[in-house]
Amino acid sequence: MSVSKNGMVFNEPLLFELKSRGKAGMDLPETEIPLLDGTGLLAAQHLRGAVAIPSLSEPEVVRHFTRLSQWNYSVDGGFYPLGSCTMKYNPKLNEAAAAIEGFASAHPYAPYGCNQGLKRLLYELEQDLAEISGMDAVSLHPAAGSHGELLGMMLVVAYHKDRGDHKRTRVLIPDSAHGTNPSSASIVNLEAVTLPSGPNGLIDLATLDQMMDDTVAGIMITNPNTCGLFESQIKEVCDLVHARGGLVYFDGANMNALVGVARPGDMGADVLHFNTHKTFSTPHGGGGPGAGPIGVKSILAPYLPKPILVERRGQVQMDYNRPKSIGKVRSFYGNLGVLIRAWTYIKTLGASGLREMTQSAVTNANYLKARLKDHFDVPFVEQRSMHEVLLTDKKQQEAHVSTMDLAKGLIERGFHPPTVYFPLVVSGAMLIEPTETENKETLDQFADTLIELAGLDHETLAAYPKMTPVGRVDEVGAARKPILTYQG
Ligand SMILES: Cc1ncc(COP(=O)(O)O)c(C=O)c1O
């Protein structure tokens, strides 16, 4: 048994391991259905063998799951600086809106003309996202950022095909991109070609000029990129790609650095996805749920998935009459709960609030950079950081202390670590994204802790974390020889 600093006991058995002596959480009433053979039992051949599920009382089950939930680290519980993930606080008003009866129980097959409130909300959200990004049309269908990327690349393929341009089978993707970019391109049979960044961590125009030929369908750009740097030549990059017949895909996962200040559509993007579950709250640690709406310029609008929302005679309706549409990528209207939260967040903050959100996110990241830059290696230090700051373990490596050691040390001190070993363009990366949620006191506590940990020796750090249910795990073993059943 291990006991944490706050006295939490970590010896929770699995439900299967709890002694279950015929207890039950509920009593089922006697069946009112007439029995087939009159004996009160089904014929033997219809009986299933004993089901190996634990039989436990309701309080035992509730306590088990409540205890487990308290082990979780959450954005409601503490600072969550996971770079590239924008783990911001999710205002409780969003939850109240998503739980409104008319939204929560809306039926997707409700008759034509029904669900007007919900459809109006979605229609408004589309318009707000178009305005925020500078795009002409928005589809709310995709259920995640990567799903938005996939849809965006399907549109790029449809566009070139429609023009009879069949040579374009490759996509340029900077080496700093998120792994989902090349995989989205590959799924639609485009070859993902790595575009090496220049020494300043940004896209190098000369390299792009060499690689951008008539076999290239487009480029996928994350801006700010995953090093937290703004692609200062974005306009020139987009112009060059357009001049050679390609399209620009803009990975909008980092929109928390741009909303209310700059618009990808004005920079030259033809298609972008939002990670609503980052930029507009509902942070998605643990894998979901999400929503990855895409915005497009009018040249791509005919290919959007159907139905699209249209306003006719004061009603919001679904338009299925879309002859060039690529079809469907998801059932019904999209991941509603997340979209309702995004609408609520946008309407609550308004235009000036959204701008302030972005400015605070960028200020917070730059504050941490200023606090940490004398203690850690900061790649591309001469560039201004946007909403996240990239450090490496280069200085600490001299004392054999690694990024992993520092991450485990942070856990020991009660913090969630930043994203580690991503992006891959630098060795031993620590990508810290504080978001606008945090105040100066929290940022200082985090910076002080990281600086303190950086001064510890390897032996001390190697023993961390001690105060968690599981200490250091054999990560290679966990990946190569996973044990996937509780019985081992
Ligand atoms: C830069 C970037 N692009 C795309 C994605 C994919 O988004 P999702 O996790 O919603 O599929 C992420 C996710 O972290 C990201 O950071």
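Ligands are counted one by one from 1 in listed order, and the atoms in each one are counted from 1 as well. From a predicted model like this one, the values you see are computed outputs, not experimental measurements.
The side chain of Asn275, and not its backbone, has at least one atom closer than 4.0 Å to an atom of ligand 1 (non-hydrogen atoms only; side chain from C-beta on). The side chain of Lys278, and not its backbone, has at least one atom closer than 4.0 Å to an atom of ligand 1 (non-hydrogen atoms only; side chain from C-beta on).
In terms of polar-atom proximity, defined here as any N/O pair under 3.5 Å, Thr222 makes no such contact with ligand 1. Between Ser84 and ligand 1, an N or O atom pair is found at a separation short of 3.5 Å. Among the atoms of Asp251, some N or O lies under 3.5 angstrom from an N or O of ligand 1.
Ligand 1 is never approached by His147 to a heavy-atom distance shorter than 4.0 Å.
The distance from ligand 1 to the heavy atoms of Ser146 drops below 4.0 Å at these ligand atoms: 6 (C), 7 (O), 8 (P), 11 (O). Heavy-atom contacts of Ala253 reach the following atoms of ligand 1: 1 (C), 2 (C), 3 (N), 15 (C) (cutoff under 4.0 Å). Heavy-atom proximity to Thr180, at under 4.0 Å, picks out these atoms of ligand 1: 4 (C), 5 (C), 6 (C). Interface atoms of ligand 1 facing Gly145, defined by a heavy-atom separation under 4.0 Å, are 7 (O), 8 (P), 10 (O), 11 (O).
Between Phe332 and Tyr109, the distance from one ring center to the other falls under 6.0 angstrom.
Closest to atom 4 (C) of ligand 1, if we only count protein heavy atoms, is Glu149 OE2, 3.1 Å. Looking at atom 9 (O) of ligand 1, its nearest protein heavy atom turns out to be His284 NE2, 3.9 Å.
Of all heavy-atom pairs spanning Ile173 and Met220, the tightest one is CD1-SD, 3.9 Å. When all heavy atoms of Arg263 and Ile132 are compared, the closest pair comes out as CG-O, 3.5 Å.
Screening Gln127, Lys119, Arg120 for a side chain to side chain donor-acceptor pair (under 3.5 Å) involving Glu311 leaves a single residue, Arg120.
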Next on the checklist: Between His178 and Phe422, is the ring pair (Phe, Tyr, Trp, His ring centres under 6.0 Å) condition met? List the steps.
Outcome noted: CA-CA 9 Å; His178 196 256; Phe422 176 82; 5.7 Å; yes

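Using a 4.0 Å cut-off between charged nitrogen and carboxylate oxygen, Lys235 and Asp266 do not count as a salt-bridge pair. The residues Lys167 and Asp214 are annotated as salt-bridged, a charged nitrogen and a carboxylate oxygen being separated by less than 4.0 angstrom. Asp209 and Arg244 are joined by a salt bridge, as a carboxylate oxygen and a charged side-chain nitrogen come within less than 4.0 angstrom of each other.
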